[in-house]
There are 2 protein chains.
Amino acid sequence: MVATIYDVARAAGVSPSTVSRSLSVPDLVNAETRLRVQQIAAELGYRPNRAARGLITGRTGNIGLIVTDLSNPFFPEVVKGVQGRARESDYSVLLADTGEDPTVEVGLIRALCKQVDGIVLCSSRMSETDLRGVTGDTLTVLLNRRVSKVPAVTIDNADGIRQAVAHLQALGHHRVGYVAGPRTSWSNRERLRGLRAATTPAGLDLVEVGAVAPTFAGGVAAADLVLSAGVTAVIAYNDLIALGLLNRFRAKNVSVPGDISVIGVDDIMFSEMVSPSLTTLAQPKEQLGRVGVDLLLQLLQDADPSGAARRTVTSQLVIRSSTGTAPPAR
Amino acid sequence: MVATIYDVARAAGVSPSTVSRSLSVPDLVNAETRLRVQQIAAELGYRPNRAARGLITGRTGNIGLIVTDLSNPFFPEVVKGVQGRARESDYSVLLADTGEDPTVEVGLIRALCKQVDGIVLCSSRMSETDLRGVTGDTLTVLLNRRVSKVPAVTIDNADGIRQAVAHLQALGHHRVGYVAGPRTSWSNRERLRGLRAATTPAGLDLVEVGAVAPTFAGGVAAADLVLSAGVTAVIAYNDLIALGLLNRFRAKNVSVPGDISVIGVDDIMFSEMVSPSLTTLAQPKEQLGRVGVDLLLQLLQDADPSGAARRTVTSQLVIRSSTGTAPPAR
DNA sequence: TTGAAAGCGGTACCAG
DNA sequence: CTGGTACCGCTTTCAA
């Protein structure tokens, strides 16, 4: 078996309490003793048993992370952020993937909540009722969703959307399509709202197409609808959908951006790999994860002041299509 | 606070022991009592504290998963497999990402090993010495790597590679390039070995180019080397590199497959999104993760018989380029 | 079949 | 500043 605190205590000729203190609250212990204990602990390769510690402190040192679909390159980046920030504070991350299924989501949260100090819930597709039911049990930070009284980190899409719309308008587009993502997605609603707010005063027509699955296949499926909508530009819920559009457009010999302009959201790695590369609204994915953990850890310390802690990070338009995105002459 | 076993015991008018038994070893308890206990437990929303249980049983119910780089779409799929299989057996997954840094890897394993029953280590870049040092502490299953005396699940690339080479030969290629991945990668060595074994008897020339980082940028960087190597076809260590090649080739107006054929490995989602889509050696990513957990859980029960449990899953060539891949007339 | 009691490995409180 | 002791929530002998 591995070394316990008792082994260290015996070897150092002190009590277990002193070992515990030397390691977790070094200031409360004589410098000399502490040093000796720490050295012996190192020699013995002692590592505290977090389960045992958690039992008494009530802290597990774990945080739960639940994401919608790891196959969407958006999420791995968030996971990296979460995991990186967690590690900095010596927390471990329990990860689970719901596969876009809200039922699974509820179950996972239930299963996780006893083994973590808090949960980071990314792009939850749960109903608000369910959500509120679960957030009562464990400290939860929402990513990409806002629900009253629940701490959340969201991305301010409004300004980015505005930039995208302005960009399209500057290029002379008058009629813009939006390929909607899942109705249960808060981001989707938010983006739609932003689009309305940006297009209406500018005198642009906005045509909603969809909703489709937030996947490549979803984009492929939406492409023909887009073409029949009589728009010269289209903004997709996310890059995967945008890539699907691009793919189908190419198959149908619809030139991008010659015949139609396409803008995605997320700035996943692959949006710059296609040719012509995809103009997209970059989301600070890793940062989103980091800030989420930041907030969670802070809440864990401050014992949740008002119950409505909020953080916002901002998105930014990345214009990539080297060829420009003017509407076709008609 | 949440309900403990004592709350349930009191409410049911039995002892904590009985509650414990009713829930974990139902057979040892009177049917009537058991039913009552179970019902009350459900009513109270009782969930066992795994940390407390782990303290006594020595089992945490967690498995650690360490991957090289979550940004490579290969890994999220493996994670999904691991996590899915783990959940089926009521295990949770602690995930960590090393960012291709072996030093981080060692640290992570050390940090994780006390809180998990076993570790799934995917595509480890550690030296064999370090690896052996760590695998002593905790039950470890290697994915995509083989080291004597350590349980492992690997993908049999040999047959897939053979298919790929045969495919190229059938199309008339005589000189094939290989863009190597990290030297520390077992898969890289394995693929190279497979390539040599397949090309030599067939009388094909094999030119090694690289090693480069297993990323899009790595592929971009390798593209010119490939062009100067005088090959008519190239196989890349992975799809990301292959996509990088494709990108750079396009920028230089090198036609694929007109001027050069490209084959990748992994079959990541995006290899079918580009045009022309990438021919690739599909790796059973999710299955790899599942089988890894399978093996780990089995080893956890059987107390490790010989110490060299092995599993293999197989890869398969996916031919995608609709336009064919004949070498250019010279 | 059930209950009492002893820990698992730590931490925290209280004396000394 | 240090040691003794109780106890976190659960499982597991050992008796009854």
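When reading the values below, keep in mind they use all heavy atoms of this one structure, side chains included, and skip hydrogens, waters and symmetry mates. Each chain gets a letter, A, B and so on, in the order the sequences are listed, and its residues count up from 1.
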Presence of salt bridge, [Y] and [X], under 4.0 angstrom:
{"X": "B:Arg21", "Y": "B:Asp27", "result": "no"}
{"X": "A:Arg125", "Y": "A:Glu100", "result": "yes"}
{"X": "A:Glu88", "Y": "A:Arg290", "result": "yes"}

Would you say [X]'s side chain and [Y]'s backbone share a donor-acceptor pair under 3.5 angstrom?
{"X": "A:Arg145", "Y": "A:Met126", "value": "yes"}
{"X": "A:Asn62", "Y": "A:Val93", "value": "no"}
{"X": "B:Thr135", "Y": "B:Thr140", "value": "no"}
{"X": "A:Thr57", "Y": "A:Arg59", "value": "yes"}
{"X": "B:Gln83", "Y": "A:Asp97", "value": "yes"}

Residues forming a side-chain contact (heavy atoms from CB on, under 4.5 Å) with B:Leu44, sequence neighbours excluded: B:Ala3, B:Asp7, B:Val8, B:Ala11, B:Ile40

Check the interface with nucleotides 3-5 of chain D: list each N/O to N/O pair with the protein under 3.5 Å, or write none.
from	atom 1	to	atom 2	distance (Å)
D:dG3	OP2	A:Ser15	N	3.1
D:dG3	OP2	A:Ser15	OG	3.3
D:dG3	OP2	A:Thr18	OG1	2.5
D:dG3	N7	A:Arg21	NH2	2.8
D:dG3	O6	A:Arg21	NH1	3.1
D:dG4	N7	A:Ser17	OG	3.2
D:dG4	O6	A:Ser17	OG	2.9

Does a side chain donor of either [X] or [Y] reach within less than 3.5 Å of an acceptor in the other side chain?
{"X": "B:Arg189", "Y": "B:Ser185", "answer": "no"}
{"X": "A:Asp117", "Y": "A:Thr60", "answer": "yes"}
{"X": "A:Ser20", "Y": "A:Ser17", "answer": "no"}
{"X": "B:Arg311", "Y": "B:Gln298", "answer": "yes"}

Where along residues 86-94 of chain B does a heavy atom come under 4.0 Å from DNA chain C, residue by residue in number order? none

Looking at residues 36-63 of chain B, who's got a heavy atom less than 4.0 Å off DNA chain C? B:Leu55, B:Ile56

So how far off straight is the helix from C:dT1-D:dA16 to C:dG16-D:dC1, going by the axes through five pairs at either end, to 10°? 40°

Using heavy atoms and a sub-4.0 Å distance, could you list which residues of residues 28-35 of chain A are near DNA chain D? By number, please. A:Leu28, A:Val29, A:Asn30, A:Thr33

Output yes when at least one side-chain N/O atom of A:Ser24 is less than 4.0 Å from OP1 or OP2 of C:dT11, else no. yes

Under 4.0 Å between a side-chain N/O of B:Ser20 and OP1 or OP2 of D:dT11, yes or no? yes

Between B:Arg10 (CZ) and C:dT2 (P), how many Å, whole number? 20 Å

Within this structure, what is the CG-to-C1' distance between A:Leu23 and C:dG9, rounded to whole angstrom? 13 Å

Checking A:Arg132 against A:Ser148 for the side-chain hydrogen bond (donor to acceptor under 3.5 Å, both in side chains) test, could you report, in this order, the C-alpha distance in whole Å, the side-chain angles of both residues, the deciding distance, and whether it holds? CA-CA 9 Å; A:Arg132 201 161 264 115; A:Ser148 66; 3.0 Å; yes

Find the distance between CD1 (A:Ile155) and CG (A:Leu143) and round it off to the nearest 0.5 Å. 8.0 Å

